[in-house]
Engineer: 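What follows is a structure written as structure tokens; I'll ask about it next.
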Amino acid sequence: MTLFKRCDQVAAWRKLLELRDAKSSFNLSSAFADNPYRFEHFSAQAPHVFIDLSKCMWDEEVQSALLDLAEQTHVLDLRDALFRGESVNTTEQRPAMHWLLRAPGAGSNPPLSAHLWGLHKEVLNTREAFLNFAEQVRADPAITDVVNIGIGGSDLGPQMAVKALAEFVTPSKRFHFVSNIDAHEIEGVLSALDPNKTLFLVCSKSFTTIETMTNALTARHWFQAHGGTNIERHFVGLTSNTVLAKEFGIETTFGFWDWVGGRYSVWSSIGLAVAIAIGAQAFNSFLQGAHEMDEHFKTATPRENLPLKLGLLDVWYRNFLHYKSRNIAPYHSALARLPAYWQQLDMESNGKSVDKESQSLSYATSSVLWGEPGTNGQHAFFQMLHQGTDVIPVEFLVVKTPSHNHLKHHELLLANALAQAQAFMVGDNNTNRARYFPGNRPSLFTVLERLTPASLGALIALSEHRTFVAGAVWGINSFDQYGVELGKTLTLNIMKQYANAEFKEMDPSTQGLLLKLRKSST
Ligand code: F6P
């Protein structure tokens, strides 16, 4: 097991505190004036993903101290433990092997251990089975609509990827996503469907999530009530709990393993909607892009290791510059669900307050991630990002080659992204105070050559590893999510009392609201 060292107790942490104080007047424009090669020095190319980190609030000295911090907190040892399949999910005593799901078929490099090799064989068999099924569905003209029922990782990954890869999606089918327990959502989807032309994918690692189970039952009732025949053909289960799927009446199930966290599961059978949408070959490219990023994370030197540098930047921003939030600005409308996807990945993984030895933390962890596609955000919240009192780093993401022929639109889109990033840095020293922009506000700028299955796979794997790196420095377990459990338990408790109005162990506010809602419901 990797040695655990609290980040706030190592020399590099103290050094970073000193650097933060010494560089409190750090200015981005001056940093460029001092170093004409700053762009070259602080930008990096990883597989499929280029990122300019030169407009970030750091310099060579800070970056070196951050790399020391990674060394002193054994981040790369922990990375190696992750890839050896050790139980890095310490509270649940499981490995976290989402990376194994995208390892290619033959000749892994370096070769897998005997134990992992056995698991990988299972992965490949399952992958082959669900990709064959995806191809059958694609070739079946009788199926016109695919409905993915799932929530959290069983929704955000597939939904984000199907939208992002719209250019590659078969035009012969429509894809729908139902996640919310709010029946407005499922009602809106079902009302436009023909049951005998619809395939439901019931997507749930646990097959117990109340939202998904309730929606799946509603879909089944609707299917039967509207003349649907052959449930076996029209409902498929994607789950690691094949027993419960069977009890639900589902015959066709594609499984996966408890060592795949929900938010890391799009690479497994949970990605079936993506595979049906883009086909087996493109799904394999999606896995391949992610695998290339895994290899980069495993083998690139620390100075060239993009996931490592991004995770360390997150630590610098959160713990030393005290930025509480990160804005995600994808300048591509197909990436509209990317901020939501990253929210779960980062905030569910790293929103923790105790370390791996159950000790309280003296430092902050996950920041708040949020965002909207550009240029829409510019006409909504960018005002606050430019002139508000909080400094919020912005993460621009652009795609060099679009999938349309409207060159003028695309040039304007890219010009907008570049101009915004420039404006954050240079500001405007206007004497009219209302028109004054402080500038010196950080951003990073990601460039994909094209938005393809491979580049999307690489981008997602990059963010998974980035989250891992920050969690590793903080000494937390990034792979559990107990913070979601209390609300689930209290919901069930309230549901019981909703029916019989006993109001046991309920605070006056919840009781008062419940009474009000019960009255209005009658
Ligand atoms: O409630 C949080 C969570 O457990 C997520 O981690 C997960 O992605 C989501 O619920 C859905 O869980 P399941 O796939 O088991 O339905």
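Counting from 1, the numbers follow the sequence of the chain as shown. The figures that follow rest on heavy atoms only: side chains count, while hydrogens, waters and symmetry mates do not. Just follow the structure's listing: the first ligand is 1, and inside any ligand the first atom is 1. Worth saying up front: this structure is predicted, and the values here are computed from it rather than measured.
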Engineer: Could you tell me which atoms of ligand 1, counted from 1 in the order shown, lie closer than 4.0 angstrom to a heavy atom of Gly152?
Structural biologist: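 Checking each atom against Gly152, I get 8 (O).
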
Engineer: Among protein heavy atoms, which lies nearest atom 9 (C) of ligand 1, and at what distance?
Structural biologist: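 Nearest neighbour among protein heavy atoms for atom 9 (C) of ligand 1, to 0.1 Å: Ile151 O, 3.6 Å.
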
Engineer: Looking at Gln511, I want to see if its CD is surrounded by more than 12 non-hydrogen atoms of other residues, nucleotides or ligands under 6.0 Å.
Structural biologist: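 Atom CD in Gln511 is packed in, count exceeds 12.
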
Engineer: Using a strict 4.0 Å cut-off to heavy atoms of Gly153, name the atoms of ligand 1 that fall inside it.
Structural biologist: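 Selected atoms, number and element: 7 (C), 8 (O).
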
Engineer: In terms of residue, atom name and distance, what is the protein heavy atom nearest to atom 10 (O) of ligand 1?
Structural biologist: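 The answer is Lys488 NZ, 4.5 Å.
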
Engineer: Distance under 6.0 Å and angle within 45° of the ring axis: does Arg337 meet both against Phe177?
Structural biologist: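 The answer is no, since Arg337 fails at least one limit relative to Phe177.
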
Engineer: Hey, can you tell me if Tyr264 and His98 have their rings parallel, tilted or perpendicular (30° and 60° cut-offs)?
Structural biologist: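 Ring orientation, 0 to 90° scale: parallel.
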
Engineer: Looking at ligand 1, is there an atom of it that comes within less than 4.0 Å of some heavy atom belonging to Glu211?
Structural biologist: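 Outside the 4.0 Å threshold, so no.
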
Engineer: Check ligand 1 against Gly262 and write out every atom of the ligand that is under 4.0 Å from a heavy-atom position of the residue.
Structural biologist: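 Here the atoms of ligand 1 in question are 8 (O).
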
Engineer: If we only consider heavy atoms of Gln344, is any one of them less than 4.0 Å away from an atom in ligand 1?
Structural biologist: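 Flag set, Gln344 near ligand 1.
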
Engineer: Are the aromatic ring centres of Phe381 and Trp370 under 6.0 angstrom apart?
Structural biologist: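 Yes.
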
Engineer: Closer than 4.0 Å to some heavy atom of Thr209 - which atoms of ligand 1 meet that?
Structural biologist: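 Those qualifying, in numeric order: 12 (O), 13 (P), 15 (O), 16 (O).
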
Engineer: Tell me: protein heavy atom nearest atom 15 (O) of ligand 1, and distance?
Structural biologist: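 It is Ser206 OG, 2.6 Å.
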
Engineer: Gln481 heavy atoms, cut-off 4.0 Å: which ligand 1 atoms fall inside?
Structural biologist: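 Heavy-atom distances to Gln481 below 4.0 Å select 6 (O).
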
Engineer: Without hydrogens or angle criteria, can the side chains of Trp267 and Glu464 be said to hold a donor-acceptor pair below 3.5 Å?
Structural biologist: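 Yes, side-chain donor-acceptor contact under 3.5 Å.
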
Engineer: Counting C-beta onward and ignoring hydrogens, is there a side-chain heavy-atom pair between Val469 and Lys309 closer than 4.5 Å?
Structural biologist: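 A side-chain contact under 4.5 Å is absent here.
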
Engineer: If you measure every N/O of Ser154 against every N/O of ligand 1, is any gap under 3.5 Å?
Structural biologist: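 Yes; the residue has a nitrogen or oxygen that sits under 3.5 Å from a nitrogen or oxygen of the ligand.
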
Engineer: Name the closest protein heavy atom to atom 6 (O) of ligand 1, giving the residue it belongs to and the distance to 0.1 Å.
Structural biologist: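 Checked against all protein heavy atoms, atom 6 (O) of ligand 1 sits closest to Glu348 OE1, 2.8 Å.
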
Engineer: Can a donor-acceptor pair be found between the side chains of Glu211 and Asn215 at a distance below 3.5 Å?
Structural biologist: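 No, no side-chain donor-acceptor pair sits under 3.5 Å.
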
Engineer: Using the ring of each side chain (for Trp, its six-membered ring), is Phe83 parallel, tilted or perpendicular to His465, with breaks at 30° and 60°?
Structural biologist: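 Answer is tilted, since the angle falls between 30° and 60°.
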
Engineer: Counting only heavy atoms closer than 4.0 Å, does ligand 1 sit against the backbone of Lys205, its side chain, both, or neither?
Structural biologist: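 For Lys205, backbone and side-chain atoms both sit under 4.0 Å from ligand 1.
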
Engineer: Evaluate ring-ring contact (aromatic ring centres under 6.0 Å, His included) for Phe133 paired with Phe130, printing each intermediate quantity in order.
Structural biologist: CA-CA 5 Å; Phe133 180 80; Phe130 81 76; 9.6 Å; no

